[in-house]
Q: 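One structure coming up, written as structure tokens, with questions to follow.
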Amino acid sequence: QVQVVESGGGLVQPGGSLRLSCTASGSIFSIYVRGWYRQAPGKQRELVASLTSGGTTNYADSVKGRFTISRDNAKDMVYLQMNSLKPEDTAVYYCYDYGSGRWGQGTQVTVSS
């Protein structure tokens with residue numbers, strides 16, 4: 001059974017950076033590899049960034065130019081590099097594996113001074 005596991009969240013000051021990591025052991029092939037979503041209190045879960053097997057990336061307008069999704073094929077890891085973080089980026093971030101349709105448990109990102 002595929003297990004999706006995220007790591008790398010935490011507390012950071014505005015303007016700071018964090019890198020989230022996601023692995024999905026046993027995942028099967030899918031055109032879309034993995035995506036990062038986030039959910040802030042009282043809000044719906046939204047797509048932050050996604051990555052296809054061909055390397056095509058897609059970003060929410062609110063994070064373009066600040067966040068970067070990438071993949072390490074050798075480690076089967078997908079990363080979300082988050083720079084210039086803002087308080088409005090505070091949320092639980094989830095990794096979604098498109099091949100299996102499974103979600104990770106989520107990792108909290110808090111941007112606050």
Q: Closest approach of V48 and V63, non-hydrogen atoms and distance?
A: O-CG2, 3.7 Å
Q: Rounded to the nearest 0.5 Å, what's the gap from CZ on R71 to CE on M77? Could you check?
A: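 If I round to the nearest 0.5 Å, the distance is 12.0 Å.
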Q: If you count the non-hydrogen atoms of other residues, nucleotides and ligands that lie under 6.0 Å from CD in Q44, is the total more than 12?
A: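 Not buried by this count: 12 neighbours or fewer within 6.0 Å.
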Q: Could you measure the distance from the CG atom of L11 to the OG1 atom of T90? Nearest 0.5 Å is fine.
A: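 Nearest 0.5 Å value for the CG-OG1 distance: 8.5 Å.
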Q: Between D89 and M82, is there a side-chain heavy-atom distance shorter than 4.5 Å?
A: no
Q: Establish, yes or no, whether the cationic atom of R38 lies under 6.0 Å from the six-membered ring centre of Y94 and within 45° of the ring axis.
A: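 No.
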Q: Is the shortest side-chain heavy-atom distance between Y93 and L18 below 4.5 Å?
A: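 Answer no - side chains too far apart.
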Q: Within this structure, what is the CD-CD distance for the pair E6 and Q108, rounded to the nearest 0.5 Å?
A: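 Spacing of CD (E6) from CD (Q108) equals 12.0 Å.
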Q: Within this structure, what is the CG-OG distance for the pair L85 and S112, rounded to the nearest 0.5 Å?
A: 12.0 Å
Q: Grab the two heavy atoms, one from A24 and one from V2, that are nearest each other, plus how far apart they are.
A: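 Minimum heavy-atom contact is CB-CG1, 4.2 Å.
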Q: Can you tell me how far CG of L51 sits from CH2 of W36, rounded to the nearest 0.5 angstrom?
A: 12.0 Å
Q: Let me confirm one number: the CZ-CG distance from F67 to L20, rounded to the nearest 0.5 Å.
A: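 Those atoms lie 8.0 Å apart.
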Q: Run I69 and V78 through side chain to side chain contact (heavy atoms under 4.5 Å, CB included) and show every step you take.
A: CA-CA 7 Å; I69 188 171; V78 171; 3.8 Å; yes
Q: Measure from NZ or CZ of R19 to the centre of the six-membered ring of Y79 and say whether it is under 6.0 Å with the direction within 45° of the ring axis.
A: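 Positive - R19 is close enough to the ring of Y79 and near enough to its axis.
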Q: Could you check whether any side-chain heavy atom of T23 comes within less than 4.5 Å of a side-chain heavy atom of V4, counting everything from C-beta outward?
A: no
Q: Could you check whether the rings of Y37 and Y98 sit parallel, tilted or perpendicular, using 30° and 60° as the cut-offs?
A: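 Correct class here is tilted.
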Q: Tell me whether the count of non-hydrogen atoms from other residues, nucleotides or ligands lying under 6.0 Å of CD in Q3 goes above 12.
A: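 No - once you tally the heavy atoms of other residues, nucleotides and ligands closer than 6.0 Å, there are 12 at most.
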Q: Regarding D61 and K64, does a basic nitrogen lie under 4.0 Å from an acidic carboxylate oxygen?
A: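 The answer is yes: the pair qualifies as a salt bridge.
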Q: So which atom in G9 and which in V109 form the shortest heavy-atom distance, rounded to 0.1 Å?
A: CA-CG2, 4.2 Å
Q: I'd like to check Y96 versus L47 (side-chain heavy atoms, cut-off strictly below 4.5 Å). Are they in contact?
A: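 Not in contact.
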Q: Which heavy atom of S113 sits nearest to which heavy atom of P14, and what is that distance?
A: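 In this case the closest contact between S113 and P14 is N-CD, 3.7 Å.
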Q: Salt bridge between D97 and R34, side-chain N to carboxylate O under 4.0 Å?
A: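 Counted as a salt bridge, because a side-chain N and a carboxylate O are separated by less than 4.0 Å.
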